[in-house]
Amino acid sequence: MSEADSRTRRRGVRASRHKLTRALTAAGLKTQAALAERIADIEGLDSAPRDIVSRVFREQPVDLTTLERIARALQTEAYQLYLNADEASDGPVTRPVAGTAQEPAATSGNASQSAAPADPPSPAPAARTPVVLSWRSMVMLIVLCIALASLIGAGAWYLWPPGTQDEPVAELPPLKPRFGRFKVAVTHFTGDESGELAVLVRERLDRALGVPSAALSVIASGEDRAEVARRFRVDALIDGEIVQVGQLVGVRAFAYVDARGRREQIWAESFPVSSLARKMPGAADNITAAVHQLFGMAKGEDRAPPHFPKASVQDEYLRGRWFMDQAPSELNLRRASGNFSAALRHDPNYAVAHAALCEVILDAVWIDSEQRQLADAERSCTRAAELAPEAPEVLRAQASFLNSSGRAEEAMNLLLRAQQSEPDDMEITLALANVQFDLYRRTGERQWADASLKHAREATQLTPEFWKPYMWRGVYESGAGTLDGAIEALQTAYRLDSSNEYVTTNLGTMYFCRGDFSAARDLYLKAREMAPASYAGTEFLGLVYYYLKDFAESARLRQTALDMARAGGNAEIHQIWGALADSYRHAGQRRKAIDAYVQALDIVERDFLMGNGTTGDKAARAYYYLMLSSLDPQRPRAAVLASLERDLEEAYEASSEPTALLRVTQAWLIEQNMDKARRALAKAVERCPCYSSYPDVEVLARN
């Protein structure tokens, strides 16, 4: 190898531009930019790695991991993209082989197991002798550079075309009517089986434009848009589609403009399936206004909202909302976040995508650092409010943020306002039930429990075949102390979605509460089988073994569940840590028990600092502190003990939540206050009969 070769050689692997282009086409992608966006969507990145894709397509050396990322997005194998020696134009190809990166290694059977060479910074170029040019040469060089820059610019535009909203769109010349006024034909909207939307749009357009009959499609069926436009001599042909994804529908309208010879999207919006009938006239109004804008006729109240998403961007949003309608697992939340982020990369002004990102971040607060998550959610909610302050999705997201940051009454008032204009929006009604239930848990005032259950039942009536409102109604019924109502609601949720691990475990817990341990265990096992990566089934199996007094196995299962829950973050759930501490304590692992109680206290104290602590949390907090004092010779001061006692009294008087009452019982047992412990246990058993056989309270049955 010559000295020059050693200076210019790069470490890493190189891909063939020809093979990459072929794979790009096979994957259904048109540009490198599209490939970069697909990588970002797969990996949940905030920005598309365009520089990496560009480098690979320029046949530059990269590490094997980078090429694997490219191959995964192209749905092929990395080795099928390698640059062959006979394809290379600037020296030998470096491949991932055994041995040093400086010299090729001899072929061996272990070559495939070796690590890929690193991709270090490019070495500095070698020094060169300066060349003196004449003025004629300089002129020719300048001309050549200008021509080359033009070619590069054109190539760059081809490789990296402007995104949906990334680049300003050149203003098109205004359309001019032929023979006095504009003429428009409305054909059909795919997915609208009744044909109602096309009729509504036609009726509105007929007031100011020349519009043929709503039955036009009967005599123009099968013809393409250009043929219909020429046949009836119309300036534009209006059609569109209604797509349903889960509990949402997306409405899109397009105009084939004969003078431009192309079809343009002119409108899009999304709303719940439950409000489709009510929203249809409004959608027709918006499409009509968009057509008026197209012809330069919009003015005053006729002007449509200034922004709408392109169809591909709306698809990302609808997919994200679909993931939020599945089991609220970490994986589904991250998938939803990836879709919303992808939508916003293409369209930073898409308000409802900002709102949805705010909501999914708040749903995932337990996964990671609460402070950072809330800050991220606030940014998204604030941006959504700047773009569309009165949109129902934005109001719902703002309410979720207010509730998560300790301002439940503000959140409730915002949702009550939103519900007045959106009475058939299940998500707003269910969000209202959630905020009111949180108010009940924080204050112990029964009025909020009754209001929560009222709205939860309304939500099930709005979407009677959807599992989500039934599951949350079951949770609220249980927290309000109505076990039969909780079981009924969760059984319905399970019938509607028996593959949802959260529905399955919640139903199992209600059976467990009733004392049907065998049925509960079967459901917990099923939940673990259907979602092996979810902590829920394993966590509740730990509860089963706790009742069986196999505390070592209970601790193992609960620790496994906790490790699964915090695999992507911190698992900010004090109940899991407290339960784990109980198992360790009974298993004789005092140090681990102390550490777990302390971790539980860290979390619950932060909840109170945020204004989210409940009466049930007060009971748990007092229990954790008293249990620590029993494991540690240091005893809290008298005033501190008196403060904890007041918390226990408040939780006993205010709470109907069986778990909170159980913690009150345990705390008073630590204090040797047997009479109070019996009263608390009796109240807990009324709501959850299984607590009569809870290992920690057996002493009450013996005395």
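Taken to the nearest 0.5 Å, the CG atom of Leu523 stands 8.0 Å off from the CE atom of Met530. The OG atom of Ser499 sits 10.0 Å away from the CH2 atom of Trp467 when rounded to the nearest 0.5 Å. Between atom CZ of residue Arg528 and atom OH of residue Tyr535 there is a gap of 15.5 Å, rounded to the nearest 0.5 Å.
In terms of modelled atom types and a separation under 3.5 Å, the side chain of Gln244 and the main chain of Gly246 share a donor-acceptor contact. Of the possible polar contacts, one joining the Arg446 side chain to the Ala480 backbone as a donor-acceptor pair under 3.5 Å is found. Thr665 places a side-chain N or O within 3.5 Å of a backbone atom of Leu681 that can act as its donor or acceptor partner. Panel note: side chain Ser404, backbone Phe401; no donor-acceptor pair is recorded below 3.5 Å. At distances below 3.5 Å, at least one donor-acceptor pair connects side-chain atoms of Ser693 with backbone N or O atoms of Cys690. Listed for the Thr615 side chain is a donor-acceptor partner under 3.5 Å among the backbone atoms of Arg441. Judged by distance alone, the side chain of Thr504 and the main-chain N or O of Asn500 form a donor-acceptor pair under 3.5 Å. No side-chain donor-acceptor contact under 3.5 Å links Ser452 to the backbone of Trp448.
Electrostatic pairing of Arg321 and Glu393 does not count as a salt bridge here, judged by no charged N lying under 4.0 Å from a carboxylate O. Under 4.0 Å is where a charged nitrogen must lie from a carboxylate oxygen, and between Arg473 and Glu477 at least one such pair does. The pair Glu316-Arg319 meets the salt-bridge criterion, since a charged nitrogen lies less than 4.0 angstrom from a carboxylate oxygen. At a threshold of 4.0 Å, the pair Lys526-Asp522 does not count as salt-bridged, since none of the basic side-chain nitrogens sits closer than that to a carboxylate oxygen. Between Lys592 and Asp595 no salt bridge is recorded (no basic side-chain N to carboxylate O distance below 4.0 Å). Comment: Glu671 does not engage Lys676 in a salt bridge, judged by the lack of any side-chain N to carboxylate O separation of less than 4.0 angstrom. Arg663 has a carboxylate O that lies under 4.0 Å from a charged side-chain N of Asp582, or vice versa, which qualifies the two as a salt bridge.
The shortest distance between side-chain heavy atoms of Leu543 and Ser554 does not fall below 4.5 Å. Taking 4.5 Å as the limit, some side-chain heavy atom of Arg585 sits within range of a side-chain heavy atom of Asp696. No side-chain heavy atom of Thr429 sits less than 4.5 Å from a side-chain heavy atom of Asp425. Side-chain contact between Val475 and Trp472 is present, with at least one heavy-atom pair separated by less than 4.5 Å. In this structure the side chain of Tyr470 never reaches within 4.5 angstrom of the side chain of Val503, judged on heavy atoms.
At most 12 non-hydrogen atoms from other residues, nucleotides or ligands lie less than 6.0 angstrom from CZ of Arg521. Heavy-atom neighbours of Tyr691 OH from other residues, nucleotides or ligands within 6.0 Å: above the threshold of 12.
For the 3.5 Å distance criterion, the side chains of Tyr524 and Thr538 fail to qualify, holding no donor opposite an acceptor. There is a side-chain donor-acceptor pair under 3.5 Å between Asp617 and Thr614.
Between Tyr546 and Phe551, the two ring planes are perpendicular [angle over 60°; tilted spans 30° to 60°]. In this structure, Tyr440 and Phe437 have tilted ring planes: the angle between them lies in the 30° to 60° band. Between Phe517 and Phe512, the two ring planes are tilted [angle within 30° to 60°]. Ring geometry for Tyr597 against Tyr623 counts as perpendicular: the plane angle is over 60°, on a 0 to 90° scale with 30° as the lower cut.
Judged by the 6.0 Å and 45° rule, Arg621 forms a cation-pi pair with Phe608.
Checked against the 2.5 Å cut-off, the SG-SG distance between Cys513 and Cys688 falls under it.
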